[in-house]
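Sequence lines set the chain letters: A, B, ... in the order given, protein chains first and strands last, and positions in each chain run from 1.
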2 protein chains.
Amino acid sequence: MEGWRQRLRGWRHVTKLDPDRPLEDRRLEAVLASGTDAVVLGGTLGITAEKVRSLLARVAGRGLPVAIEISCPDSLVLGADLYLVPVVLNAGDPYWTVGAHQQAIKQLGGWPAAAWQLVVPEGYVVLNPDSAVAELTRALCPLAAADVVAYASCAAGLFGMPVVYLESSGRYGDPSVVAEVASALDGGARVVYGGGIDRPERAAAMAAVADTVVVGNFVYEGDPVMLADLVDAVRLTPPPRGAEG
Amino acid sequence: MEGWRQRLRGWRHVTKLDPDRPLEDRRLEAVLASGTDAVVLGGTLGITAEKVRSLLARVAGRGLPVAIEISCPDSLVLGADLYLVPVVLNAGDPYWTVGAHQQAIKQLGGWPAAAWQLVVPEGYVVLNPDSAVAELTRALCPLAAADVVAYASCAAGLFGMPVVYLESSGRYGDPSVVAEVASALDGGARVVYGGGIDRPERAAAMAAVADTVVVGNFVYEGDPVMLADLVDAVRLTPPPRGAEG
């Protein structure tokens with residue numbers, strides 16, 4: 001039952017769609033035709049089950065794996081291939097590290113052991129203090145590189161989390177910090193980077209140091225024709241640790 | 001490299017010694033002769049590396065496995081068989097869920113992957129609001145049984161932690177809550193109970209619903225002759241889920 005691990009390993013480029021943001025059909029079609037490896041539905045504010053369901057209906061069955069990032073209980077909608085649970089490691093409010101998940105589990109009541117096989121915890125490190133997620137979780141940031149590495153090691157080594165997500169939503173981050181994390185984890189967890197990927201050079205720079213590069217805002221704000229260029233830039237870049245990624 | 005998992009499985013009765021509390025030789029000898037399965041060095045306040053080292057020197061090599069519970073960076077002393085890291089799931093201060101571990105990892109610097117094999121995260125649920133650990137971590141408690149179960153499910157299911165520790169330090173808890181947790185986890189994680197085990201009836205009642213029963217204060221405050229009676233009471237009680245425990 002390690003299916004999701006295998007699948008995640010193949011994800012070099014992921015597109016994140018926000019259920020709370022209107023998405024024109026032409027932009028969605030450009031995403032689906034871009035060559036991206038997977039679509040993740042996730043956002044920070046204004047998420048409702050109805051919005052998640054509506055977006056899921058538009059992307060499911062279109063040939064790409066679809067994951068839902070469960071940022072609040074309402075986003076737990078059936079029908080996705082995978083469920084990603086962001087565990088915000090540097091949250092200043094413990095609700096976003098454990099409490100939210102504990103409450104969701106309580107609401108769900110009995111949860112069969114098999115269902116956990118579809119659930120992947122992501123050790124989130126929030127990097128951009130000006131982002132909505134930083135404000136919501138009262139994230140302890142900005143962080144020195146050594147702190148980011150230590151959070152990542154904590155997630156991978158101590159908690160055994162399969163994914164460390166470096167979240168720089170809205171602001172392009174520092175590839176050298178991502179490289180330090182990848183080097184410290186040495187394949188022990190998948191390193192995902194998201195934030196400010198709006199041109200091929202940036203996509204390539206992060207693809208060289210992260211296992212997975214996430215494109216989000218650009219889907220809504222950029223030129224849809226360029227979405228495939230971002231994917232190509234990622235694909236043409238050798239992953240960290242060579243062939244393994 | 002799953003050695004520690006196998007070893008933990010055999011621990012039905014554990015004795016917890018506090019490096020900050022003076023321990024008479026006759027009491028220590030009674031512990032070592034009691035039949036307990038393992039000794040854990042751990043406490044909440046006043047822990048220094050010197051105190052941990054001193055206590056470790058007295059119990060190491062006496063025929064029992066010795067684990068150190070890393071409640072602060074100072075307790076990370078070499079020479080134990082195993083290192084348990086309490087992740088306080090219902091901490092009101094996020095430092096005690098992630099921050100303390102992140103800081104410890106940062107202090108240690110590079111930490112070889114193999115070293116993690118000796119480290120076992122414990123999902124702690126603090127049950128007694130009047131305990132020192134509740135005050136220190138600003139624990140969100142008391143908790144309804146459904147909340148305790150949901151925290152435990154979060155630790156075992158979402159975080160994949162091998163141990164859920166129901167900590168009722170200083171006050172005997174409710175065996176029916178422990179039973180609910182064991183039933184919900186169904187062997188997915190080892191359920192450890194500690195708190196107020198000061199007579200054989202209580203030891204037996206908790207041994208019937210928890211995989212591991214921890215005796216702590218009684219070592220310091222009780223009649224040393226009775227320590228073996230507590231062990232016997234645990235041993236004579238069939239573990240939850242029958243032979244597996």
**Request:** Kindly compute the distance separating SG (A:C154) from NZ (B:K106), expressed to the nearest 0.5 Å.
**Result:** 13.5 Å
**Asked** Hey, are the side chains of B:Y151 and A:I105 touching, using non-hydrogen atoms and a 4.5 Å cut-off?
**Response** no
**Message:** Nearest 0.5 angstrom please: B:S153 OG to A:H101 NE2, how far?
**Reply:** 14.0 Å
**Backbone N/O of B:D147 and side chain of A:Q102: donor-acceptor pair under 3.5 Å** = yes
**Request:** Might you point out which heavy atoms bring B:V98 and A:T97 nearest each other, and give the distance in Å?
**Result:** CG2-CG2, 3.7 Å
**Complete:** One option among B:N90, B:V87, B:V149 has the most heavy-atom pairs under 4.5 Å with chain A, and it is B:V87
**Request:** May I ask you to decide if the ring planes of A:F159 and B:F159 are parallel, tilted or perpendicular, using 30° and 60° as cut-offs?
**Result:** parallel
**Item:** Part of A:Q107 within contact of chain B (heavy atom distance under 4.5 Å)
**Value:** neither
**Message:** Please output the residues of residues 129-140 of chain A in contact with chain B, using a heavy-atom cutoff of under 4.5 Å, in numerical order.
**Reply:** none
**Prompt:** Heavy-atom distance under 4.5 Å to chain A: side chain of B:A91, backbone, both or neither?
**Reply:** backbone
**Asked** Taking all non-hydrogen atoms of both residues, which atom of B:G92 and which atom of A:P94 are closest, and how far apart?
**Response** O-CG, 3.2 Å
